[in-house]
Amino acid sequence: MRPTKAGLIVVAALLLTALTGSAGHRPPPATTLGSVIPVPAQVVPSRAAPFEITASTVIVAAGAARPVADRLAATLRPATGFPLPVRPIGTAAIELRLNATADPWFGDEGYQLEIDTTGVALRANRPAGLFAGLQTVRQLLPPAVEALSVRQEHWTIPAGVIRDRPRYAYRGAMLDLARHFHPPADVKRFIDEISRFKINYLHLHLADDQGWRIAIDGWPRLTTVGGGPGTGVRGIGGGFLTQEQYRDLVRYAADRYVTIVPEIDMPGHVNAAQVAYPELTCDGVAPRPRIDIRVGYSSLCTGKEITYRFAEDVIRQLAALTPGPYLHLGGDEAMSTPHADYVAFEQRVLPLVAKYGKTAYGWHEIAAAPAAADAVIQYWAVTRDRPAVVAAAGAGAKVVLSPADRAYLDMQYDLLTPGGLHWAGTIEVRTAYDWDPGGWARGVPASAVLGVEAPLWSETLRDYGDVEFQAFPRLAAIAELGWSPWETHDWISFRDRLGAYGERWTRRGVHFYRSPQVRWS
Ligand code: TNX
């Protein structure tokens, strides 16, 4: 039998223990090194005694490392009750440092964590890497670290070395605010949760047939009519974001190294906009407001100039509001737009995104337009052959994998779980975990894959508890597909780490699905 990498690591660890001997007098750690989601790229445990955070622990960090150190201290203070001062210089038990001598292996988001009995050294090229390392440190501490009041614990971190970096640059989650609006406070809670798993993009689906959720200057009725009370599925999902609220969300996410990707879906999925502005239809007659969940019946009038004035106003304003690189124009399920009109429409609007300094992004149907060669294409098909996507990738497009039968968080876990749809099948945790984004879309080379995203459509999600139930634990599975090297992919390992993680969700009050595939601690 060929020795596995994991096997070699264990052997190395045992040798190390044999050589260094003592297990020390400290209590054994509550977690093992490597019991982290997403699993780190390289883990070398040592049997040396763990490091223990105590009342006298000091954190040292200077310059751009300082904000991450402050965040680390702030996350550890409530449960430990320790002061954990952060100082610019000095000897410290916990040190965060940005590398003077950059090691390219770590890139912008990688980090190295060295833990021995005397302390913790966290190093990265960039603050985003320190932030990723901070998420790992949290998971290496006992689950009681999640408590909001002081707990008596040995706050140990297992000894060893972790070297880690992401497999993909794009690791996303999507939240649909159109079918049911979810207020900024809930979006922030969601950002808190996803950033723990090193998700770095949050795609917000801001408009659809049932509602329009972002204020656009010059088009006030989009939100007063299209986003007001009575909009949304069953008329109970009303609400919208002002531009100031959107900016605040962008800042909140950026503080957690999450970049927001706004989406306005066009030329289909536009009924709410057409109720507000009937001139966006071909006959100028306002359609009736829709609160059902059918798709494919609405289309912008691709032959009217006002359509392009509208699209450009929206694109210009969203680009100005969005520091991130991507602007998503939807493009899915335009069943009421004749194909030639669809292609002509995309040929005109996709370049507008570049005109305002952003990279266009769209659902895989946009691959039919040559302009998609400069875009990011979101693959949501349940089949693995999409020749148009292969052609676009060959012409330069990047692809984000969101196959609906694997990555859609709005699919039911099984036919008995409440909430969710099942048009793409049911998705238990193992189904969400056991696939490889790298080789999924046949004919799309691995080099064209930018990453992976888990979309959460909100037809059935009335409140934030519903959001959590659909997202967790499956989002953790998608996060691991996006971050961890394929060589580490192992369902049994993931299942066990997930089972141990459950206690952290429970302590935080996260309403997650207790899948029977997992033994929850
Ligand atoms: C299909 S997949 C849609 C959405 C629905 C979703 C429900 C895709 C790009 N469009 O309009 O909300 O199914 O699962």
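Both counts, for ligands and for their atoms, begin at 1 and track the order of listing. These figures come from a predicted structure and were not determined experimentally.
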Heavy atom of the protein closest to [atom] (residue, atom name, distance):
atom                   : value
atom 8 (C) of ligand 1 : D332 OD2, 3.3 Å
atom 2 (S) of ligand 1 : Y408 OH, 2.5 Å
atom 1 (C) of ligand 1 : E333 OE2, 3.2 Å

| Geometric cation-pi criterion R386 and Y379, 6.0 Å radius, 45° cone | no
Check ion pair [X]-[Y] (N to O, under 4.0 angstrom):
X    : Y    : result
E109 : K198 : no
E279 : R309 : no
E480 : R495 : no
R294 : D209 : no

Under 4.0 Å from a heavy atom of [X]: give me the atoms of ligand 1 that qualify, with their elements.
X    : value
W363 : 9 (C)
M411 : 14 (O)
R179 : 4 (C), 5 (C), 11 (O), 12 (O)
D410 : 7 (C), 14 (O)

| task | Check whether any side-chain heavy atom of P38 lies under 4.5 Å from a side-chain heavy atom of R167, and answer yes or no. | result | no
| query | Heavy atoms, side chains only, cut-off 4.5 Å: are R290 and V275 in contact? | reply | no
| request: Report yes if some N/O of D208 lies less than 3.5 Å from some N/O of ligand 1; otherwise report no. | output: no
| Contact (N/O only, under 3.5 Å) between E459 and ligand 1 | yes
| field | Within reach of ligand 1, part of L421 (heavy-atom separation under 4.0 Å) | value | side chain
